[in-house]
Amino acid sequence: MSPRSRFVVAVLLLAPAFACNPTQMAILWHHLTGGETIEAKFKLTKGKLAVIVDDPQGFVVTPVTFREFHDKFVEALRANGIESKVIPFEEWQQLRQRDPDYNTDKMTRRLIGEKLGADQVLFLNVTDFRLKKEPAAPIYEGRFAVRVAIYSTERKRDVRLWPLQSDGEDVVVTTKPGPSDADDSAGDISRQLADEMADSVAKLFYDHKEKD
């Protein structure tokens, strides 16, 4: 029996004891159901999706972060029934390496998606990435921040699909403080940040429970 199933049984057994206390029963029910349902901010299509992580200021010091984020993001979409066909990570990397215009103003977000054969572009602009609060700090305390937006690859004037009221949705994840001389390495902290970011960004695109 799963932990959730055992909890359900416990609630049913205890229900008579809380029958006269609506507040306590409501708290139990909140934990049982996982809280309120948070609706997706944007519904992705079943078409091809390019996932682009842009770091023009070079905040990300560990290259493994990009691949880890991409893989975990795709896993999160699949696990929650999102059927978008995500362009392979390798194809994005090849475009970055072979196209001389990639890191110039000539390569718009729409054009990147078009060159990758995508219908939509998930664009993440890295606004912060650090493994420690201060470079010389004796503990790891990671922080990863991005600004997220969705674009169409249609050849039209306004291609931003979401959000419409701002230039992006800010998403920030952190890791708990821990000594830098422990078993965790900089790569481990980077992977933790990438995994947390992948989960948080994926949740923008599917309905989920408050406590998930």
Side-chain angles (χ1 to χ4, degrees), residues 41-42 44 49-77 84 86-116 118 120-137 139-153 159-177 180 184-205:
K41 295 289 186 74
F42 181 83
L44 297 169
L49 176 70
V51 179
I52 309 300
V53 184
D54 190 46
D55 183 26
Q57 298 186 65
F59 286 120
V60 180
V61 295
T62 46
V64 68
T65 305
F66 299 110
R67 181 58 182 260
E68 183 74 11
F69 168 81
H70 191 279
D71 290 350
K72 293 299 182 181
F73 176 76
V74 173
E75 286 181 19
L77 292 188
S84 299
V86 181
I87 303 296
F89 178 82
E90 292 79 9
E91 293 187 23
W92 169 48
Q93 290 296 286
Q94 289 169 10
L95 178 64
R96 291 179 65 194
Q97 294 165 6
R98 73 170 184 260
D99 197 315
D101 290 334
Y102 186 89
N103 289 314
T104 71
D105 292 338
K106 295 179 182 179
M107 189 74 78
T108 64
R109 299 172 185 187
R110 187 206 68 78
L111 185 55
I112 291 173
E114 181 182 87
K115 284 180 174 286
L116 290 170
Q120 294 180 340
V121 178
L122 168 60
F123 195 90
L124 298 94
N125 181 38
V126 179
T127 56
D128 192 20
F129 185 91
R130 67 185 81 169
L131 303 179
K132 301 177 179 180
K133 278 190 172 181
E134 301 294 337
I139 62 173
Y140 284 125
E141 192 169 354
R143 186 177 190 274
F144 190 7
V146 299
R147 184 164 294 133
V148 184
I150 297 286
Y151 296 87
S152 167
T153 59
V159 294
R160 191 172 63 203
L161 300 174
W162 173 86
L164 297 177
Q165 287 73 39
S166 66
D167 61 355
E169 178 90 356
D170 290 317
V171 181
V172 180
V173 298
T174 59
T175 60
K176 295 180 180 179
S180 58
D184 287 339
S185 66
D188 294 326
I189 302 303
S190 295
R191 289 186 178 88
Q192 289 178 38
L193 288 169
D195 291 353
E196 290 290 334
M197 181 59 73
D199 181 65
S200 296
V201 173
K203 284 178 177 175
L204 296 172
F205 307 115

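Index from 1, following the sequence.
With a 6.0 Å radius and a threshold of 12 heavy atoms from other residues, nucleotides or ligands, E134 has its CD atom at or below the threshold.
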Would you mind writing out the side-chain donor-acceptor pairs for residues 160-171 within the sub-3.5 Å range, not counting sequence neighbours?
{"from": "R160", "atom 1": "NE", "to": "P163", "atom 2": "O", "distance (Å)": "3.0"}
{"from": "R160", "atom 1": "NH1", "to": "S166", "atom 2": "O", "distance (Å)": "3.2"}
{"from": "R160", "atom 1": "NH2", "to": "S166", "atom 2": "O", "distance (Å)": "3.2"}
{"from": "S166", "atom 1": "OG", "to": "G168", "atom 2": "O", "distance (Å)": "3.1"}
{"from": "E169", "atom 1": "OE2", "to": "K41", "atom 2": "NZ", "distance (Å)": "2.6"}
{"from": "D170", "atom 1": "OD1", "to": "R147", "atom 2": "NE", "distance (Å)": "2.9"}
{"from": "D170", "atom 1": "OD1", "to": "R147", "atom 2": "NH2", "distance (Å)": "3.2"}

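With sequence neighbours left out, R130 forms a side-chain hydrogen bond (donor to acceptor under 3.5 Å, both in side chains) with D128. Considering only residues two or more places apart in sequence or on other chains, T153 meets the side-chain hydrogen bond (donor to acceptor under 3.5 Å, both in side chains) condition with none of them. Under the ring-ring contact (aromatic ring centres under 6.0 Å, His included) criterion, F89 pairs with H70, W92, not counting sequence neighbours. With sequence neighbours left out, the side-chain contact (heavy atoms from CB on, under 4.5 Å) criterion links P56 to D54, N125. With sequence neighbours excluded, the residues satisfying salt bridge (charged side-chain N to carboxylate O under 4.0 Å, His left out) with E141 are K133. Applying the side-chain contact (heavy atoms from CB on, under 4.5 Å) criterion to K106, with sequence neighbours excluded, gives D101, T104. Residues passing the side-chain contact (heavy atoms from CB on, under 4.5 Å) test with E75, sequence neighbours excluded: K72. Looking at residues two or more places apart in sequence or on another chain, you find no ring-ring contact (aromatic ring centres under 6.0 Å, His included) involving F123. By the side-chain hydrogen bond (donor to acceptor under 3.5 Å, both in side chains) test, D71 pairs with R67, sequence neighbours left out. With sequence neighbours left out, the side-chain hydrogen bond (donor to acceptor under 3.5 Å, both in side chains) criterion links S152 to E154. In terms of the side-chain contact (heavy atoms from CB on, under 4.5 Å) criterion, residue partners of Q57 (sequence neighbours excluded) are, by chain and number, F59.
The two residues E68 and D195 come nearest to each other via the heavy atoms OE2-OD1, 2.7 Å.
Atom OG1 in T127 sits 9.0 Å away from atom CZ in F144 (nearest 0.5 Å).
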